[in-house]
**Student:** 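Mind looking over this structure? Questions follow.
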Amino acid sequence: MSLIYLDNSATSYPKAPGVAEAVRDNLLSCGTSGRASYDQALEGSRVLYDCRRNLASLFSLPDSSRIVLNSGATESLNTVIKGFLKPGMRALTSRGEHNSVMRPLNALKGHGNVLDRFNCRSDGTADLDDYRTRLKSKPDLVVLCHSSNVSGAVFPVEVMIKDAHEAGALVCLDGAQSAGHKSINLSELDADFYCFAGHKGLLGPAGTGGFYIKEGIEIGSLMEGGTGSASQEEIQPRFLPDLYESGTRNIPGLAGLRASTAFLLETGVDVIGKKEMDLSLRLIEGLKSIEGITVAGPRNPALRNSVVSFFHDRVDISELAEELDDAGIAQRMGLHCAPSAHKSLGTYDRGGTIRFSPGYFNSDEDIDSALEAVREIVNG
C-alpha cells in the first residue's frame, strides 16, 4: 500500500528535487566553512553564501548578511525572545501560538518579565480589537504567528506590525508555516525579526532554518563560540551573521536547503502556494460534504493557509487517526504543540483535531483518496 502524505505542516515530503543528492554529495566531501582554505572548506563557505543569497531573494532582502542560519524556527525564536527580552520587559503574543513561542516566553516570566496575550476568535483569526487594547500596556516585544499550524488562520501582520510599531514595540514573526508557502517581502513588511524553518515550506532538510534581523537591531546571542572569524579575540564577534552563528554549521543540511531554495526560486512561491491552496480547498469542500464533520478555521479562503483541521461529532479523533494510518493516509492528530490555539477553536477538550496539510507534490487524486478514506471510516 502506497502512502499518501498529508502531514506537510509537520515536515515536507517529498523534499524538493536535488535535495537528497546535495546532502549526500556534501557528506561524501570533507571540510567545513570559514576554517581553512582548501577546496572542500571553501565549498562549505559557498554553501552558506549561496543559501543566504537564495533566502534573501525569496524574502526580497537587499542584504543577505541579515539572515542568520541555524537549526530552525525553534532555535531562532529562542534566540530572539531570550536575546531581546531583559528582566522587567513586557511581551505580547496571541492565544494561537505554538509552544516554540510560548515555552521560551513562559520561561522568562521567572526572570521578572511580564507576558500578556490577546484573544483569537473561534475560527483562529486574531481579535484585532483586543490586540489594540493590549498594545496600550506598551509591550517591548510582540511575537506573532504569521500563519497558524492548527486553524490555518493567517494573521493580518501588515496592520499588526504597524500598530505595534506605533505603540513602541518591536515585532517578531513566527514564519514556520508561511516561508515557502506565500510570497514574503520582508523589506515592505517591516518586521523586526522573522523566524523560519528549512524543512517545512522551504522543502529542505530537517535541522535547517534561521532568522532575519532588521538593520540597526542587536540582541544578545543564545550561545558563543568559534566562528572561524576574529579568532584572535576571546569575545564573540559583533558583526552579522557571526554574532549568532557559533560552532560548526550543518553544512550537509544547508547544502540541501541551498538546493530546495533554488527550486523555490525557479518554480515560484506563488505557483506553489496556489496549488497548495487549491488542494486544501478541495479538501475542505469534500470534508464539509461528510455528515458529522466540522472543519476548523476561517471560512474565507483569503484568511487561511493550506492547513485543514477537522473532527467528527461521533468518531473520536484517535480512532479516526488510527484508521487513517491503516489506510495509508499520513496526517497528524492531537493538539499540534499549540494547546491555546485549540482552546480558542473549542477543540482542546476533545483532544484536538485531525490535521491534513497538503503540499506542492500532492495531487487531486491524493485528496480524493483521503476524503474517501474519511468517508468510509465515519460511515462504517
Side-chain angles (χ1 to χ4, degrees), residues 30-38 40-53 55-56 59 61-91 100-101 103-113 140-141 143 168-174 186 191-198 207-255 257-258:
C30 60
T32 182
S33 66
R35 268 51 173 196
S37 58
Y38 55 89
Q40 291 87 344
L42 292 176
E43 171 58 17
S45 297
R46 281 192 288 270
V47 166
L48 297 183
Y49 174 80
D50 291 344
C51 204
R52 256 187 266 278
R53 184 186 59 183
L55 288 163
F59 299 147
L61 292 170
D63 183 1
S64 64
S65 72
R66 308 306 302 180
I67 294 175
V68 175
L69 297 172
N70 58 26
S71 66
T74 298
E75 181 180 342
S76 297
L77 288 162
N78 272 267
T79 301
V80 171
I81 290 168
K82 295 175 180 177
F84 177 79
L85 290 173
K86 303 299 185 289
M89 295 177 78
R90 304 179 65 92
S100 57
V101 170
R103 287 179 175 175
L105 284 174
N106 278 316
L108 289 182
K109 287 167 64 178
H111 298 279
N113 295 96
D140 298 285
L141 180 67
V143 187
L170 298 190
V171 180
C172 174
L173 289 185
D174 175 2
L186 289 178
D192 302 287
F193 310 97
Y194 181 80
C195 303
F196 58 90
T208 65
F211 67 94
Y212 155 76
I213 178 170
K214 188 194 291 184
E215 188 173 0
I217 298 173
E218 182 178 314
I219 59 176
S221 52
L222 191 64
M223 60 183 180
E224 294 76 42
T227 59
S229 60
S231 293
Q232 75 279 8
E233 301 288 345
E234 292 184 338
I235 59 173
Q236 192 75 2
R238 306 314 298 172
F239 53 86
L240 288 182
D242 299 45
L243 174 56
Y244 307 109
E245 289 190 4
S246 293
T248 301
R249 301 292 88 186
N250 176 11
I251 302 298
L254 292 170
L257 187 60
R258 176 175 66 174

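Quick note: residue numbers are just sequence positions, from 1.
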**Student:** In Å, rounded to the nearest 0.5 Å, how long is the span from OH of Tyr212 to CG of Leu55?
**Tutor:** 13.5 Å

**Student:** For Gly210, is there any backbone N or O sitting under 3.5 Å from a side-chain donor or acceptor partner on Ser76?
**Tutor:** yes

**Student:** Atom CZ in Arg249, atom OG in Ser45: separation rounded to 0.5 Å?
**Tutor:** 12.5 Å

**Student:** Determine yes or no for a side-chain-to-main-chain donor-acceptor pair under 3.5 angstrom, with Arg52 supplying the side chain and Ile67 the backbone.
**Tutor:** yes

**Student:** Shortest non-hydrogen contact from Ile81 to Pro104?
**Tutor:** CD1-CG, 4.0 Å

**Student:** Please give me the minimum heavy-atom distance between Gly209 and Leu257, naming the atom from each residue.
**Tutor:** N-CD2, 4.4 Å

**Student:** Does some side-chain heavy atom of Leu141 sit less than 4.5 Å from a side-chain heavy atom of Arg90?
**Tutor:** no

**Student:** Could you check whether any side-chain heavy atom of Thr227 comes within less than 4.5 Å of a side-chain heavy atom of Ser246, counting everything from C-beta outward?
**Tutor:** yes

**Student:** Donor-acceptor pair, Glu245 side chain versus Leu69 backbone, under 3.5 Å?
**Tutor:** yes

**Student:** Using a cut-off of 6.0 Å, state whether more than 12 heavy atoms not belonging to Tyr49 lie near its atom OH.
**Tutor:** no

**Student:** Hey, could you give me each pair passing salt bridge (charged side-chain N to carboxylate O under 4.0 Å, His left out) that has a residue in residues 217-234? Not counting sequence neighbours.
**Tutor:** Glu218-Arg238

**Student:** Compare all side-chain heavy atoms of Phe211 with those of Asn70 and state whether any distance is below 4.5 angstrom.
**Tutor:** yes

**Student:** Can you give me the closest heavy-atom contact between Asp242 and Ser229, atom names plus distance?
**Tutor:** OD2-OG, 2.5 Å

**Student:** Can you see which heavy atom on Glu43 is nearest to which on Arg258, and at what distance?
**Tutor:** OE2-NH2, 3.0 Å

**Student:** Taking all non-hydrogen atoms of both residues into account, name the closest pair between Pro237 and Leu243 and its distance.
**Tutor:** O-CD1, 3.2 Å

**Student:** What's the separation between atom CG in Leu77 and atom CG in Asp174, rounded to the nearest 0.5 Å?
**Tutor:** 5.0 Å

**Student:** What pair of heavy atoms forms the shortest contact from Asp192 to Ala169, and how long is it?
**Tutor:** OD2-O, 4.5 Å

**Student:** Is atom CZ of Arg103 surrounded by more than 12 heavy atoms (other residues, nucleotides or ligands) closer than 6.0 Å?
**Tutor:** no

**Student:** Just verifying a value: how many Å separate Asn106 CG and Asn113 CG, rounded to the nearest 0.5 Å?
**Tutor:** 11.0 Å

**Student:** Are side-chain heavy atoms of Met223 and Glu75 found at a separation under 4.5 Å?
**Tutor:** yes

**Student:** Rounded to the nearest 0.5 Å, what separates atom CG in Leu85 from atom CG in Leu108?
**Tutor:** 6.0 Å

**Student:** Establish, yes or no, whether a centroid distance under 6.0 Å links the rings of Phe59 and Tyr194.
**Tutor:** yes

**Student:** I need the Leu48 CG to Asn250 CG distance, nearest 0.5 Å.
**Tutor:** 10.0 Å

**Student:** Quick one, Phe84 and Asp140 - any side-chain contact, counting heavy atoms below 4.5 Å?
**Tutor:** yes

